[in-house]
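So the structure is just underneath, and the comments pick up after that.
Hydrogens, waters and symmetry mates are skipped; everything else that's a heavy atom, side chains included, is used.
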Amino acid sequence: FTGLLNLSINDNVFTGPLPLALYNINTLETINVARNQFTSTVPSGIGSLTNLGSLYLHDNKLSSSIPTEIAFLTKLSTFEIQWNNFTGVIPPGIINLKAMVTLDVSAKQLTGSLDNISFVEMSDLSVLSLSRNEFRGTFPQSILNLVNLSSLILDDNRLTGTLPPTVESMKSLKVFSANSNSFMGSIPDELFLMVQLESLLLLNNEFTGYIGSGIGTLVECTFLDLSHNQLTGLIPPEISTMSSLQGLHLEDNTLTGPVPSVISELISLTSFSIRGNGFYSIVPNELYNMTNLADFDIDDNFFTGELSSNIANLVKLNELHVSVNEFSGTIPSSLGSMTQLSQMRLNNNSFYGEIPSTFSAMPDLRIFDIASNVFSGEVPSNLFNMQQVNVLNMAHNFFDGSIPTNFGDMVNLVTLDMSFNYFEGQIPSQMTLMTSLTDYDVSRNRLTGSIPTILFELATLASISLSFNELNGTIPTVI
């Protein structure tokens with residue numbers, strides 16, 4: 001193989017160390033051994049492959065430090081070693097490789113201060129990913145000189161300080177992600193001058209202050225995530241001009257006020273989450289016109305009023321989260337027409353009345369949580385026709401009557417909580433058909449009769465609570 005130019009053995013199950021003979025083929029221009037199970041270290045002999053332009057070592061089990069001899073590979077334009085077990089620092093010589101276009105050293109245990117690293121020699125660098133390491137320091141100022149940088153990923157490190165206003169000098173940057181660090185201060189308004197940005201991800205930091213009205217200039221941005229910070233104030237109505245936006249995540253801040261109805265103008269939006277803030281008033285009816293929404297999460301706020309029947313307009317909705325608010329009124333039966341819904345969480349509100357029988361028509365529903373409301377009456381027997389449901393929580397309500405005998409038809413149920421209600425009669429023996437059940441709670445009801453012996457034949461059952469009922473007889477010996 002003395003004339004070999006390209007070696008690609010990626011996406012296999014190769015094990016053991018990388019063969020030493022590999023480093024004798026000095027004609028190689030590309031090595032791709034990604035997504036295997038190679039172990040051990042990368043030998044110093046890698047530095048002899050001076051014609052190498054692309055080196056893909058990612059997604060293996062390689063360990064130890066990155067060999068300093070990589071610095072001899074002056075033609076190297078792509079260096080991807082993410083998802084291994086490398087430790088130590090980035091060898092200084094690597095930063096001087098002027099041909100580098102893609103540098104990905106994410107998802108390892110690399111350390112050191114980014115304040116001591118200069119990237120200015122990599123003037124052609126387009127992709128830089130340093131995520132999921134233990135890097136310290138502040139935002140690296142030398143990155144601001146990388147005029148060709150299109151993707152900057154700094155996630156999951158220990159970076160601190162503020163984002164410099166000069167960040168807007170990176171005119172080619174399309175993806176900026178600095179999640180899970182300790183950046184603080186306000187988000188600079190200059191960041192919103194980067195009109196070419198397609199993704200802005202700053203979740204899980206310590207940013208404070210308002211979301212600037214200039215955010216509306218990010219008309220190319222498809223994903224905006226500012227969640228898990230300490231942002232305050234209102235959602236600026238200018239956000240409605242981000243016409244390309246598909247994902248908007250502002251959860252777990254201290255934002256407040258009514259939700260601006262103009263958000264409904266984001267017609268491409270598929271994911272909307274403002275959970276864990278201080279929003280109040282009613283949910284604007286206009287939001288139910290965003291027919292591309294797949295995820296709608298407004299949990300843990302102070303929304304009031306009734307849940308509009310127009311919510312059924314969200315025909316593509318997969319997850320509906322409105323729990324821990326101050327909603328009241330009955331549940332619209334139109335929810336039953338939302339056939340793509342897999343999660344429906346309505347718990348911890350003041351909904352009342354009966355469960356609409358139309359709910360049994362939702363073929364993909366997996367999680368159904370209506371706990372801690374004021375629902376009453378008998379549970380519709382056809383509710384238990386939802387054989388695909390995995391979690392059913394109807395605790396802390398005012399349901400009464402007997403537990404329907406077709407209860408056992410929910411064969412995929414894993415968790416069932418019917419506690420703190422007024423159910424009466426016996427525990428139906430048909431529940432033994434629920435062969436996936438692990439957690440069963442019917443405590444604090446008015447159940448009578450004996451405990452069915454066959455209940456304990458459910459091999460998957462890990463937790464059962466029958467306390468505070470009127471059960472009698474003897475405890476089954478099979479326990």
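The line from CD of Glu29 to CG of Leu49 is 11.5 Å long, rounded to the nearest 0.5 Å. How far CG of Leu146 is from CD of Glu121: 10.5 Å, rounded to the nearest 0.5 Å. With values rounded to the nearest 0.5 angstrom, Thr41 atom OG1 is found 12.5 Å from Ile66 atom CD1. Atom CD1 in Ile215 sits 10.0 Å away from atom CD in Glu238 (nearest 0.5 Å). Interatomic distance, Glu168 CD to Leu144 CG, rounded to the nearest 0.5 Å: 10.0 Å. Here the straight-line distance linking atom CD1 of Ile153 with atom CZ of Arg132 works out to 9.0 Å at 0.5 Å rounding.
Checked by atom type and distance alone, the side chain of Asn292 pairs as donor or acceptor with a backbone atom of Ile267 at under 3.5 Å. Remark: side-chain polar atoms of Asn148 are paired, donor with acceptor, to backbone N or O of Ser123 under 3.5 angstrom. Asn133 contributes a side-chain N or O that, together with a main-chain N or O of Leu110, makes up a donor-acceptor pair within less than 3.5 Å. Under a 3.5 Å cut-off, the side chain of Ser150 and the backbone N or O of Lys174 do not form any donor-acceptor pair. The backbone N or O of Asp439 lies less than 3.5 Å from no partner atom in the side chain of Ser463, so there is not a single donor-acceptor pair. For the pair Asn373 (side chain) and Phe351 (backbone), a donor-acceptor distance under 3.5 Å is present. When atom types are taken as modelled, the side chain of Asn318 and the backbone of Asp295 share no donor-acceptor pair closer than 3.5 angstrom. Using a distance-only test at 3.5 Å, with no hydrogens or angles considered, a donor-acceptor pair links the side chain of Asn84 to the main chain of Lys61. A donor-acceptor pair under 3.5 Å is formed between the side chain of Asn253 and the backbone N or O of Leu231. At distances below 3.5 Å, not a single donor-acceptor pair connects side-chain atoms of Asn289 with backbone N or O atoms of Thr291.
Tested against Leu7 for a side chain to side chain contact (heavy atoms under 4.5 Å, CB included), the candidates Ile25, Thr30, Asn32, Leu28 yield a single pass: Leu28. The side chain to side chain contact (heavy atoms under 4.5 Å, CB included) test with Glu80 is passed by exactly one of Val127, Leu57, Asp104: Asp104. Exactly one of Leu413, Ile370, Val414, Thr415 qualifies for a side chain to side chain contact (heavy atoms under 4.5 Å, CB included) with Leu392. That residue is Leu413.
At a cut-off of 3.5 Å, with distance as the only test, no side-chain donor of Ser227 or Asn229 sits close to an acceptor on the other residue. Between the side chains of Ser180 and Asn204, at least one donor N or O sits under 3.5 Å from an acceptor N or O. With 3.5 Å as the limit, one finds a donor-acceptor pair spanning the side chains of Ser271 and His249. At a cut-off of 3.5 Å, with distance as the only test, no side-chain donor of Asn412 or Ser436 sits close to an acceptor on the other residue.
Taking 4.5 Å as the limit, every side-chain heavy atom of Leu154 sits out of range of all side-chain heavy atoms of Phe135. For the pair Ile70/Ile46, a side-chain contact is recorded, criterion being any heavy-atom separation below 4.5 Å from C-beta on. No side-chain heavy atom of Thr102 sits under 4.5 Å from any side-chain heavy atom of Leu128. Considering only heavy atoms from C-beta on, Phe14 stays 4.5 Å or farther from Asn60 through its side chain. The shortest distance between side-chain heavy atoms of Ile81 and Phe86 falls below 4.5 Å. Two residues are said to be in side-chain contact when any heavy atoms from C-beta on lie closer than 4.5 Å; Ile311 and Leu335 meet this criterion. Asn301 has its side chain out of reach of Asp299: every pair of non-hydrogen atoms, C-beta onward, lies at least 4.5 Å apart. Between Leu62 and Asn85, the closest side-chain pair of non-hydrogen atoms is not below 4.5 Å.
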Evaluation steps, side chain to side chain contact (heavy atoms under 4.5 Å, CB included), between Ile274 and Glu251: CA-CA 4 Å; Ile274 55 172; Glu251 64 263 27; over 6 Å; no

Criterion side chain to side chain contact (heavy atoms under 4.5 Å, CB included) on Phe207 and Leu226, from CA distance to verdict: CA-CA 9 Å; Phe207 290 114; Leu226 306 179; over 6 Å; no

Check against side chain to side chain contact (heavy atoms under 4.5 Å, CB included), Leu248 and Ile239: CA-CA 10 Å; Leu248 175 58; Ile239 206 169; 3.8 Å; yes

Intermediate values then yes/no, side chain to side chain contact (heavy atoms under 4.5 Å, CB included), Ile263 and Ile235: CA-CA 9 Å; Ile263 285 181; Ile235 297 178; 4.2 Å; yes

Evaluation steps, side-chain hydrogen bond (donor to acceptor under 3.5 Å, both in side chains), between Asn6 and Ser8: CA-CA 6 Å; Asn6 180 9; Ser8 296; 3.1 Å; yes

Evaluation steps, side-chain hydrogen bond (donor to acceptor under 3.5 Å, both in side chains), between Ser372 and Asn347: CA-CA 6 Å; Ser372 299; Asn347 52 287; over 6 Å; no

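Evaluation of the ring-ring contact (aromatic ring centres under 6.0 Å, His included) test over residues 291-313, restricted to residues two or more places apart or in two chains, returns Phe272-Phe296.
Minimum interatomic distance between Ser243 and Ser268 (heavy atoms only, all atoms of both residues): O-OG, 3.9 Å. When all heavy atoms are compared, the tightest approach of Ser309 to Pro332 is CA-CB, 3.8 Å. Nearest approach of Val33 to Leu18, heavy atoms of both residues: CG2-CD2, 4.1 Å. Here the closest heavy-atom approach between residue Phe119 and residue Ser142 is recorded as N-OG, 3.0 Å. When every heavy atom of Thr232 is checked against every heavy atom of Thr254, the shortest pair comes out as CG2-OG1, 3.2 Å. Looking at every heavy atom in both residues, Asn26 comes nearest to Ser48 through CB-O, 4.0 Å.
More than 12 heavy atoms of other shown residues, nucleotides or ligands fall within 6.0 angstrom of atom CD1 in Ile9. More than 12 heavy atoms of other residues, nucleotides or ligands sit less than 6.0 Å from atom CZ of Arg366.
Checked for salt-bridge contact, Asp300 and Arg275 miss the test: no charged N lies under 4.0 Å from a carboxylate O.
The aromatic rings of Phe359 and Phe368 stand perpendicular to each other, their planes meeting at an angle above 60°, with 30° marking the opposite boundary.
For Phe79 and Tyr56, the distance between ring centers is not under 6.0 angstrom.
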Distance-only check: which donor-acceptor pairs under 3.5 Å involve side-chain atoms of residues 182-200, not counting sequence neighbours?
{"from": "Gln196", "atom 1": "NE2", "to": "Met170", "atom 2": "O", "distance (Å)": "3.0"}
{"from": "Gln196", "atom 1": "NE2", "to": "Lys171", "atom 2": "O", "distance (Å)": "3.4"}
{"from": "Gln196", "atom 1": "NE2", "to": "Leu173", "atom 2": "O", "distance (Å)": "2.9"}

